Amino acid sequence: MNSPTQVIDPDGELVIVLRNFDKPFAEETKYLGVNMVALDSLIEKLENWSSPTTNVNPIADLAGKAYRIQVSAKHLALASSYFKTLLGGSWKETTTPFPSGFIEIAANGWGIDALLILLRIVHFTVLADYYQCKEALGFFSQTWIAELDQQLPTTYGRDLILWLWVSWFFGLSEQFLQLISTAMSTCDHQICSRGLPISGKILDERSDLINQGREQAIGNIIDRLFDYRAQFLSGSAGCHFECSSIMYGTLSKAMESHHLLSLRPVAPYRRLGLHQLVKNVKAFKSPEWCTRPAPYYHNIHQCAHSSFASLFGELNGCVAGLELSKLAGTPPSLEV
């Protein structure tokens with residue numbers, strides 16, 4: 001009944017009891033709601049994990065299935081600061097084994113395959129350290145990453161956030177820069193980590209660089225649209241009354257047709273992405289009208305303010321990404 005389901009180390013004295021395993025991972029819709037309190041709490045706990053007691057309390061006999069993995073406590077403590085703190089230097093003396101003879105600790109919600117891979121890597125790293133071949137780990141991690149689909153996502157979504165986590169954790173600077181840029185440029189709502197413990201400075205609802213960059217880029221364009229509209233209304237833009245009046249009316253119609261006028265968009269700009277916004281603004285149709293400099297012919301009016309192409313043609317729908325090396329609290333790059 002209490003025998004290990006999987007044995008990583010046959011001499012190990014520790015059993016990790018995994019319950020509620022294989023829950024949906026980084027779900028598509030779970031973290032898209034406005035209320036992000038639970039997610040913020042999760043990230044904060046993962047990044048600022050408080051030191052647990054040296055006593056390992058027995059696991060309650062919970063209902064449901066459990067996956068039991070036999071491992072070496074010493075190996076885990078050597079490779080992981082979390083397990084080192086959890087188990088403590090005198091963990092054998094401060095814990096009481098179960099009748100099975102093992103010390104048990106609880107885990108909840110992780111995927112079985114992912115946890116097994118991690119535990120095998122942990123045990124492998126101890127061997128690599130003992131035999132002084134740490135370089136091999138860097139090589140294998142880079143080989144694994146190279147086997148992934150190297151075509152990075154070009155739109156915001158679950159795959160992009162998963163790739164962002166991989167690039168952040170393994171210190172892949174080029175991929176990280178590109179993914180951040182894509183996220184800020186294409187997402188039409190507040191960007192979230194989907195439960196992945198990406199550094200709060202980079203991605204956190206309360207104050208993060210990704211959402212700040214996205215909102216600032218969109219806000220700059222919205223401000224520019226309203227500024228030009230105000231200038232046309234006051235007559236400070238446009239070469240004469242007819243010019244400013246025609247451009248004011250045309251710009252107002254174009255903004256209203258894209259839901260940018262009656263209810264001015266405000267941060268966090270839900271259902272409004274930078275890339276699509278710039279595409280829409282550049283597609284504004286400029287008016288054409290004729291002036292009459294002589295009694296016998298007409299000229300199409302042209303001035304610096306009579307064409308949307310001249311006003312908005314240089315808008316950029318892509319936000320520059322963030323350089324991984326300049327962000328505090330990020331994992332170091334792997335040495336190979």
Side-chain angles (χ1 to χ4, degrees), residues 152-157 160 177-191 207-323 326:
L152 296 179
T154 57
T155 58
Y156 176 79
L160 186 144
L177 184 70
Q178 181 177 338
L179 291 163
I180 291 288
S181 175
T182 300
M184 291 192 291
S185 304
T186 63
C187 184
D188 64 355
H189 52 78
Q190 194 164 39
I191 302 167
S207 176
D208 66 86
L209 297 176
I210 295 181
N211 281 305
Q212 287 176 3
R214 170 186 170 269
E215 292 171 10
Q216 181 178 358
I218 294 175
N220 288 341
I221 295 177
I222 298 297
D223 290 343
R224 187 168 177 177
L225 289 171
F226 276 87
D227 286 346
Y228 267 121
R229 184 172 178 271
Q231 290 177 40
F232 286 130
L233 178 61
S234 67
S236 59
C239 59
H240 50 65
F241 176 78
E242 287 78 9
C243 178
S244 61
S245 298
I246 292 173
M247 291 303 296
Y248 172 80
T250 307
L251 179 58
S252 297
K253 288 184 66 175
M255 291 172 62
E256 182 64 28
S257 68
H258 291 283
H259 311 289
L260 301 174
L261 182 57
S262 297
L263 293 176
R264 178 171 178 163
V266 295
Y269 302 112
R270 294 185 180 89
R271 298 188 296 277
L272 188 61
L274 175 68
H275 180 78
Q276 187 62 46
L277 173 62
V278 170
K279 183 178 179 180
N280 291 341
V281 171
K282 286 188 174 183
F284 283 0
K285 181 176 175 57
S286 299
E288 292 184 358
W289 72 95
C290 295
T291 57
R292 185 178 300 182
Y296 305 109
Y297 59 90
H298 296 79
N299 288 336
I300 298 296
H301 178 78
Q302 293 181 345
C303 73
H305 290 162
S306 64
S307 168
F308 291 135
S310 63
L311 298 179
F312 306 116
E314 81 286 359
L315 291 180
N316 188 356
C318 182
V319 186
L322 305 173
E323 294 186 26
K326 295 182 180 180

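Any value given below was found using the heavy atoms of this structure, including those in side chains, with hydrogens, waters and symmetry copies removed. Nothing here was measured: the structure is a model prediction, and the numbers come from that model.
Scored by the side chain to side chain contact (heavy atoms under 4.5 Å, CB included) test, Leu177 finds Glu323 as partners (sequence neighbours excluded). For Tyr248, the ring pair (Phe, Tyr, Trp, His ring centres under 6.0 Å) test picks out no residue, with sequence neighbours left out. When the side chain to side chain contact (heavy atoms under 4.5 Å, CB included) test is applied to Ser286, the partners found at least two apart in sequence or on another chain are Ser307, Phe308. Ala320 is linked by a side chain to side chain contact (heavy atoms under 4.5 Å, CB included) to nothing, counting only residues two or more places apart in sequence or in another chain. Checked against ring pair (Phe, Tyr, Trp, His ring centres under 6.0 Å), His258 has the following partners two or more places apart in sequence or in another chain: Phe284. Annotation: side chain to side chain contact (heavy atoms under 4.5 Å, CB included) contacts of Ser245 (sequence neighbours excluded): Phe241.
Closest of all the heavy-atom pairs between Val319 and Ala217 is CG2-CB, 3.7 Å. Ser185 and Cys318 get closest at one heavy-atom pair: OG-CA, 3.3 Å. In terms of heavy-atom proximity, Ala254 sits nearest to Ser257 at O-OG, 2.6 Å. The two residues Leu251 and Leu225 make their nearest non-hydrogen contact at CD2-O, 3.8 Å. Contact between Cys290 and Ile300 at its shortest, heavy atoms only, is SG-CD1, 3.8 Å. Ile210 approaches Ile191 most closely through the heavy-atom pair CG2-CD1, 3.3 Å.
For the pair Tyr156 and His189, the minimum side-chain heavy-atom distance is below 4.5 Å. At least one side-chain heavy atom of Leu260 sits under 4.5 Å from a side-chain heavy atom of Leu277. No side-chain heavy atom of Met184 sits under 4.5 Å from any side-chain heavy atom of Leu274. At a threshold of 4.5 Å between non-hydrogen side-chain atoms, the residues Thr155 and Leu160 do not count as touching. At a threshold of 4.5 Å between non-hydrogen side-chain atoms, the residues Leu261 and Phe226 count as touching.
Using a cut-off of 4.0 Å between Lys/Arg side-chain N and Asp/Glu carboxylate O, Glu256 and Arg229 are scored as not salt-bridged. The pair Arg264-Asp223 meets the salt-bridge criterion, since a charged nitrogen lies less than 4.0 angstrom from a carboxylate oxygen.
In His259, the NE2 atom is not crowded: 12 or fewer heavy atoms of neighbouring residues, nucleotides or ligands sit closer than 6.0 Å. The number of heavy atoms from other shown groups lying within 6.0 Å of NZ (Lys279) does not exceed 12. Atom CD of Gln302 has 12 or fewer neighbouring heavy atoms from other residues, nucleotides or ligands inside a 6.0 Å radius.
Side-chain N/O atoms of Gln212 and Asp208 include no donor and acceptor closer than 3.5 Å.
Without hydrogens or angle criteria, Arg224 side chain to Phe312 main chain gives no donor-acceptor distance under 3.5 Å. Between the side chain of Arg214 and the backbone N or O of Pro268 there is at least one donor-acceptor pair closer than 3.5 Å. In this structure, the side chain of Thr250 does not engage the main chain of Met247 through any donor-acceptor pair within 3.5 Å.
Annotation: the span from His275 atom NE2 to Asp188 atom CG amounts to 12.0 Å, rounded to 0.5 Å. Here Ile221 contributes atom CD1 and Gln216 contributes atom CD; the two are 11.5 Å apart, rounded to the nearest 0.5 Å. Rounding to the nearest 0.5 Å gives a distance of 12.5 Å between CE of Met255 and CG of Asn280. Atom CD1 in Ile222 sits 11.0 Å away from atom CG in Asp227 (nearest 0.5 Å).
The aromatic rings of His301 and Trp289 lie parallel to each other, with less than 30° between the two planes, well short of the 60° mark.
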